[in-house]
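Each ligand, and each atom within it, is numbered from 1 in the order the structure gives.
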Amino acid sequence: MTDDAERNRLLAEMAEQSTDMISRHTPEDWLFIYASPAVTHLLGYSVEEIVGLSAYDLYHPDDVEDFRLRAPTVNYDRGLYTHTYRFRCKDGHYTWLESTSRTIRDPTTNEIREILVVSRDATHRIKADKANRRLARVLESTQDLVIFVNLDLTVSHLNDAARKALKLEKTDYTALALSQIVDDTGMRQLVDDGIPLAKVAGHWLGELMMLGGKGNRIPVMLELLVHRSLHGDIEYFSLVAHDLTEKKAAEQQLKEYQADIDHASRLVTMGELASSLAHELNQPLSAIVNYLRGIERRFSGSASVSWANVEIPISRSIKTALKAGEIVHRMMDFTRKQEPVIAALNLPELIRDVMDLCDVMGVRHGVQLTFEADPDLPCVTGDRIQLEQVLMNLLVNAIEASKTTAEASATVHIGVTQYERRHLLVTINDDGPGINESDMPRLFDRFFSTKQSGLGMGLAISRSLVENLGGELWAENRPEGGARFSFTLNIAD
Ligand code: ADP
């Protein structure tokens with residue numbers, strides 16, 4: 001066998017074995033002169049069936065015109081031309097093929113003798129391309145900021161939302177470092193936590209600040225994703241950032257609104273106590289007047305007064321005036337509008353202060369306030385005014401519920417104990433009628449009140465204040481009658 005014949009035999013054998021379809025065509029109308037057996041797998045025809053058919057008859061109608069127009073001017077790059085198109089299978093459905101064709105010319109005349117084509121199934125690639133394009137469209141049109149970042153933490157791509165939010169033109173980010181669009185604290189978060197954690201877990205979620213040009217800071221919830229090659233090497237990172245500006249503004253507004261309501265509620269509670277307190281203040285004032293009148297009576301007209309004779313009434317007057325001043329100060333503190341100050345607080349001491357304010361109300365309604373605390377309790381974490389507000393609400397409610405006629409007597413008992421390892425528990429037991437079981441589910445709702453002039457805010461606010469401090473507040477009826485309100489607070493570190 002000659003070398004040529006041997007080569008042709010080998011080539012023919014390779015064509016027969018190949019999973020790609022190898023076909024030969026006439027130059028004018030692309031009639032199949034030959035097709036390798038792969039044609040059956042790819043298109044469903046047998047070799048005999050396809051030989052003699054024109055490829056033009058099998059193109060998808062949308063592709064055939066395009067191909068007819070381009071065929072004469074096709075650029076054969078180094079003699080090769082590759083294109084992707086739809087081809088009709090024997091069962092009538094169309095499949096995507098990617099073909100590389102080559103012209104075979106007559107060595108003497110240079111005329112095209114035939115065209116040799118190698119085709120393979122491109123359905124998977126086309127589907128993947130389509131899916132990629134769909135994803136790219138989603139990425140471009142999402143309101144979230146999407147940023148692709150190289151391993152050296154320079155930016156490789158920003159979607160439309162990111163370019164707009166960060167005020168960057170499309171060409172701006174060729175040498176853009178991530179540190180130019182994320183603030184210093186955010187960069188430290190990413191470098192120290194985000195990237196190391198994402199390398200292990202695949203992704204990381206955190207809140208940080210991005211820089212929107214002209215010193216504009218954008219709070220975002222950011223998800224960092226690690227993208228790896230098939231071999232597992234990290235190729236790049238992507239960041240998907242959700243702008244929290246509006247959410248933060250709404251939260252701030254809600255916080256201010258909440259502070260206003262808390263303040264208003266304190267004024268209302270103080271209003272409920274006002275008549276009792278006025279009475280309470282009246283007593284020391286009358287006592288002082290009495291001490292001073294006594295001095296006046298004894299010594300008016302005297303040229304000189306001995307200290308020994310006035311020492312006792314004067315020092316009693318001072319003590320009484322200071323006590324009255326204390327009450328006034330506590331009222332002023334309680335009703336002042338101020339930012340919460342979270343600190344370690346001695347709870348029994350704080351409860352006694354609130355009891356001092358509420359005592360007079362108890363006396364007026366024939367209700368005795370009693371208090372018991374475990375010895376040596378640790379401090380709790382909280383804001384003094386907020387905790388006073390919670391206690392005041394619960395005590396005023398308990399006294400109102402336990403109101404008696406002058407002859408009968410009732411008690412509101414406050415207790416503090418250690419609760420589990422990390423909390424203290426405050427309980428307020430009263431001798432009132434208890435809570436209607438049907439009211440229980442709504443008890444802590446805003447504006448729920450069974451009182452004629454009740455605002456229905458006290459319990460709602462108290463619960464949110466306690467929960468903000470990490471505690472819980474609940475109500476139940478005591479088996480022996482009356483209600484019990486309990487709340488927990490975290491022990492200070
Ligand atoms: P207000 O005191 O303005 O009604 P609150 O939110 O403080 O608002 O209380 C809501 C309702 O819960 C009260 O109207 C009352 O029906 C019920 N309640 C609160 N404390 C007690 C209690 N110690 N005993 C019985 N019912 C209570």
Between I342 and L469, does a side-chain contact (heavy atoms from CB on, under 4.5 Å) hold up when you go through it step by step? CA-CA 9 Å; I342 302 296; L469 292 170; 3.7 Å; yes
When you check the gap from the basic side-chain N to the acidic O, do [X] and [Y] get nearer than 4.0 Å?
| X | Y | answer |
| --- | --- | --- |
| D184 | R188 | no |
| E251 | K255 | no |
| R478 | D431 | yes |
| K164 | D160 | yes |

Using a 4.0 Å cut-off to any heavy atom of [X], which atoms of ligand 1 qualify?
| X | value |
| --- | --- |
| D430 | 22 (C), 23 (N), 24 (N) |
| F448 | 10 (C), 11 (C) |
| S449 | 1 (P), 4 (O), 14 (O) |
| L443 | 12 (O), 17 (C) |

Where does the angle between the aromatic ring planes of H83 and Y85 fall among parallel (under 30°), tilted (30 to 60°) and perpendicular (over 60°)? parallel
When only distance counts, is G458 in polar contact with ligand 1, meaning an N/O pair under 3.5 Å? yes
Are any of the N/O atoms on A460, whether in the backbone or the side chain, positioned under 3.5 angstrom from an N/O atom of ligand 1? no
Donor-acceptor pairs under 3.5 angstrom involving side-chain atoms of residues 190-213: please list them, not counting sequence neighbours.
| from | atom 1 | to | atom 2 | distance (Å) |
| --- | --- | --- | --- | --- |
| H203 | ND1 | E223 | OE2 | 2.8 |
| E207 | OE1 | K248 | NZ | 2.9 |

Run the contact test for [X] against ligand 1 with a 4.0 Å cut-off on heavy atoms, strictly below, and give the result.
| X | answer |
| --- | --- |
| I435 | yes |
| G432 | no |
| G434 | yes |
| F444 | no |

Counting heavy atoms only, name the option from P433, G456, A398 that's nearest to atom 8 (O) of ligand 1. G456
Does anything in residues 469-493 form a ring pair (Phe, Tyr, Trp, His ring centres under 6.0 Å)? List the pairs, not counting sequence neighbours. none
